[in-house]
Amino acid sequence: MQNQKPVKLIAYGCRDDEMPTLKAFQNREDLELKIVEAHLSTDNVCLAEGFDGVSIEGLSQSDAAIFKALAGYGIHYFSTRTAGYNRLDLAAAKKYQIHCANVHYSPYSVAEYTVMLMLACLRKFIHIIARSAVMDYSLAGMQGRELHNMTVGIVGMGHIGKTVAKCLSGFGCRLISYTPHPTAETDALAKAVSKETLFKEADIITLHTPLTQDNYHMIDKDVIAQMKDGVVIINTARGGLINTWDLIDAVESGKVSAVGIDSFEHEENVIQIDHESSLIHNRSLLALKAYPNVIVSPHAAFYTDQSSKDMVTVSLNGLMAWLRGENNPNEIAY
């Protein structure tokens, strides 16, 4: 091992919060790591020449042009420091023989945020805070509901979905779940039911599933029509799981009583950008934000000190494993 040449990796889109972990990797003798703050793009992909593997943050470019360029540099290992990988052009990665991986990180980051959104929706917390900011301490219109009286339907029982169920277990609410592959463990945490049953019986529906071609717009007007009147919808997964305009219609009609979303459609040019003095070209987002019973946050549920450390560590360790001839447990099948 001592005579082995250091692995050479380049990390793009590096945030300030990632720097302590990245710099700790730079101190390793078995690794040469280049840190690039800018997101990967066709303008700076040339910086990867001479490296063995590439790590990116979620907003980096990862299309056919990028994979073609990386293959030209002899790079065949690529990792995104995110759990979601729907933005990766996996067909192009396969064409250019580039192995791709995502990461796992503390599921409590998203799970705890999900529960926070549920409580904020049920107790109209954002509206209460807005009123108190202008010295309005009246109670009219502020009556909430109690979580223990609710049936919560969890769609997706992976690491995050299971952790949501564990977090909710102390509230006394009824828990049901839908997952394509239920197990004794998932059924014990939240009773396994069909997707149709979940949408019909749940007072609160929370989404924790990757975005695929099969579940794009999983929730649309037809599915919403099957739900309980006054249902609460929480989405801390992927924006494309919900048809946003159908959701807007349901909020306006009162069918959906409250919404808490941390991921929305067409968010790529919105999140992680300061738009205080610029236009946001996302009409459905702006429409959602107009309603007092809708909470929209900028894809921040994952963002904790623990998850930041986890994402860097898992991404770089996975790349190093590949380059040492070992398996990367987070490799994406394509």
Next on the checklist: As a quick check of understanding, evaluate side chain to side chain contact (heavy atoms under 4.5 Å, CB included) for I205 and V232, giving each step before the final call.
Outcome noted: CA-CA 6 Å; I205 296 168; V232 175; over 6 Å; no
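- With rounding to the nearest 0.5 angstrom, the CG atom of D203 is 10.0 Å from the SG atom of C173.
- Between I234 and I204, some side-chain heavy-atom pair lies under the 4.5 Å cut-off.
- In the model, D310 has a side-chain atom that pairs as donor or acceptor with a side-chain atom of Q306 under 3.5 Å.
- One finds a salt bridge joining E18 and R81 here, because a Lys/Arg side-chain nitrogen approaches an Asp/Glu carboxylate oxygen to under 4.0 Å.
- Annotation: ring pair (Phe, Tyr, Trp, His ring centres under 6.0 Å) contacts of Y12 (sequence neighbours excluded): none.
- Linking ILVMFWY residues whenever their side-chain heavy atoms come closer than 4.5 Å, directly or via other members, leaves I128 and I295 in distinct clusters.
- Across N327 and A321, no two heavy atoms sit closer than the pair O-CB, 3.7 Å.
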Checklist entry - Can you list the steps and then say if Q26 with E32 is a side chain to side chain donor-acceptor pair (under 3.5 Å)? => result CA-CA 6 Å; Q26 280 188 319; E32 179 183 331; over 6 Å; no
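- Minimum interatomic distance between S138 and M142 (heavy atoms only, all atoms of both residues): O-CG, 4.1 Å.
- The closest side-chain heavy-atom distance from K191 to L175 is not below 4.5 Å.
- Here the CG-CD distance, from L198 to E196, works out to 9.5 Å after rounding to the nearest 0.5 Å.
- For S106 and S109, the side-chain atoms include no donor-acceptor pair closer than 3.5 Å.
- In this structure, V314 and Y105 have side chains that are not in contact, with every pair of non-hydrogen atoms separated by 4.5 Å or more.
- Minimum heavy-atom separation, R145 to S257: NH2-OG, 2.8 Å.
- When all heavy atoms of T244 and S284 are compared, the pair lying nearest together is CG2-CB, 3.6 Å.
- Contact between A237 and L207 at its shortest, heavy atoms only, is CB-O, 3.4 Å.
- The side chain to side chain contact (heavy atoms under 4.5 Å, CB included) search around A130 returns none, not counting sequence neighbours.
- The closest side-chain heavy-atom distance from L241 to N215 is below 4.5 Å.
- E268 meets the salt bridge (charged side-chain N to carboxylate O under 4.0 Å, His left out) test with no other residue; sequence neighbours excluded.
- When all heavy atoms of S177 and A190 are compared, the closest pair comes out as OG-O, 2.8 Å.
- Side-chain contact between V270 and F264: present, with at least one pair of heavy atoms (C-beta onward) separated by less than 4.5 Å.
- Within the 4.5 Å cutoff, no side-chain heavy atoms of I224 are placed close to those of D220.
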Item to check | side chain to side chain donor-acceptor pair (under 3.5 Å) between N317 and S315, worked out | outcome: CA-CA 6 Å; N317 279 341; S315 176; over 6 Å; no
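- Within a 6.0 Å sphere centred on NZ of K309, other residues, nucleotides and ligands contribute 12 heavy atoms or fewer.
- Of the charged side-chain nitrogens involved, none lies within less than 4.0 Å of a carboxylate oxygen, so that K221 and D249 do not count as a salt-bridged pair.
- Side-chain atoms of S60 and S62 form no donor-acceptor pair, as typed in the model, at a separation below 3.5 Å.
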Side-chain polar contacts of residues 110-124 - donor-acceptor pairs under 3.5 angstrom, sequence neighbours left out - could you list them?
{"from": "Y113", "atom 1": "OH", "to": "S297", "atom 2": "OG", "distance (Å)": "2.8"}
{"from": "T114", "atom 1": "OG1", "to": "V110", "atom 2": "O", "distance (Å)": "2.8"}
{"from": "T114", "atom 1": "OG1", "to": "T236", "atom 2": "OG1", "distance (Å)": "3.0"}
{"from": "K124", "atom 1": "NZ", "to": "G141", "atom 2": "O", "distance (Å)": "3.2"}
{"from": "K124", "atom 1": "NZ", "to": "Q143", "atom 2": "O", "distance (Å)": "3.4"}

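- Taking hydrophobic clusters as Ile, Leu, Val, Met, Phe, Trp and Tyr residues chained together by side-chain heavy-atom distances below 4.5 Å, I271 does not share a cluster with F302.
- Residue L70 is not grouped with residue L59 when hydrophobic side chains (ILVMFWY) are merged at heavy-atom distances under 4.5 angstrom, including chains of intermediate members.
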Next on the checklist: Please determine whether side chain to side chain contact (heavy atoms under 4.5 Å, CB included) holds for the pair E331 and H99, giving the CA-CA distance in whole Å, both sets of side-chain angles, and the decisive distance to 0.1 Å.
Outcome noted: CA-CA 7 Å; E331 182 170 4; H99 297 268; 2.9 Å; yes
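- Between the side chains of E265 and H217, at least one donor N or O sits under 3.5 Å from an acceptor N or O.
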Next on the checklist: If you apply the rule side chain to side chain donor-acceptor pair (under 3.5 Å), what do you find for N330 with H104, and how did you get there?
Outcome noted: CA-CA 8 Å; N330 294 290; H104 62 268; 3.2 Å; yes
What side-chain donor-acceptor pairs closer than 3.5 Å can you find for residues 89-98, not counting sequence neighbours?
{"from": "D89", "atom 1": "OD1", "to": "A91", "atom 2": "N", "distance (Å)": "3.4"}
{"from": "D89", "atom 1": "OD1", "to": "A92", "atom 2": "N", "distance (Å)": "3.0"}

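- When ring centroids are compared, F78 and F67 come within the 6.0 Å threshold.
- Within 6.0 Å of CG on L139 lie no more than 12 heavy atoms contributed by other residues, nucleotides or ligands.
- Applying the under-4.5 Å side-chain rule to Ile, Leu, Val, Met, Phe, Trp and Tyr, the cluster around L9 extends to V7, M19, L22, F25, L31, L33, I35, Y77, V312, L316, L319, M320, W322, L323.
- Annotation: salt bridge (charged side-chain N to carboxylate O under 4.0 Å, His left out) contacts of D17 (sequence neighbours excluded): R15.
- Taking the salt bridge (charged side-chain N to carboxylate O under 4.0 Å, His left out) definition, one finds that R131 meets it with D136, sequence neighbours left out.
- Side-chain heavy atoms closer than 4.5 Å link hydrophobic residues (I, L, V, M, F, W, Y) into clusters, and following such links, possibly through other members, connects V231 to Y178.
- Every residue was checked against the side chain to side chain donor-acceptor pair (under 3.5 Å) condition with H127, not counting sequence neighbours, and none meets it.
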Please output the side-chain donor-acceptor pairs of residues 156-163 that fall under 3.5 Å, not counting sequence neighbours, one pair per line with the distance.
{"from": "K162", "atom 1": "NZ", "to": "E185", "atom 2": "OE1", "distance (Å)": "3.3"}
{"from": "T163", "atom 1": "OG1", "to": "H159", "atom 2": "O", "distance (Å)": "2.7"}

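- For Q61 and H39, the side-chain atoms include no donor-acceptor pair closer than 3.5 Å.
- Partners of N86 by side chain to side chain contact (heavy atoms under 4.5 Å, CB included), not counting sequence neighbours, listed by chain and number: L211, R238.
- Considering only heavy atoms from C-beta on, L147 comes within 4.5 Å of L168 through its side chain.
- Between V294 and L247, every side-chain heavy-atom pair lies at or beyond the 4.5 Å cut-off.
- Summarising the local packing, CZ of F125 is surrounded by 12 or fewer heavy atoms from other residues, nucleotides or ligands at distances under 6.0 Å.
- Both I261 and L285 are members of a single hydrophobic cluster when ILVMFWY side chains are connected at heavy-atom separations under 4.5 Å.
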Next on the checklist: As a quick check of understanding, evaluate side chain to side chain contact (heavy atoms under 4.5 Å, CB included) for H281 and N269, giving each step before the final call.
Outcome noted: CA-CA 8 Å; H281 299 283; N269 296 317; over 6 Å; no
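- Residues passing the salt bridge (charged side-chain N to carboxylate O under 4.0 Å, His left out) test with R283, sequence neighbours excluded: none.
- Just one residue in the list V256, V251, V259, V296 forms a side-chain contact (heavy atoms from CB on, under 4.5 Å) with Y291, and that residue is V251.
- Sparse packing is recorded around CD of E37, with 12 or fewer heavy atoms of other residues, nucleotides or ligands lying under 6.0 Å away.
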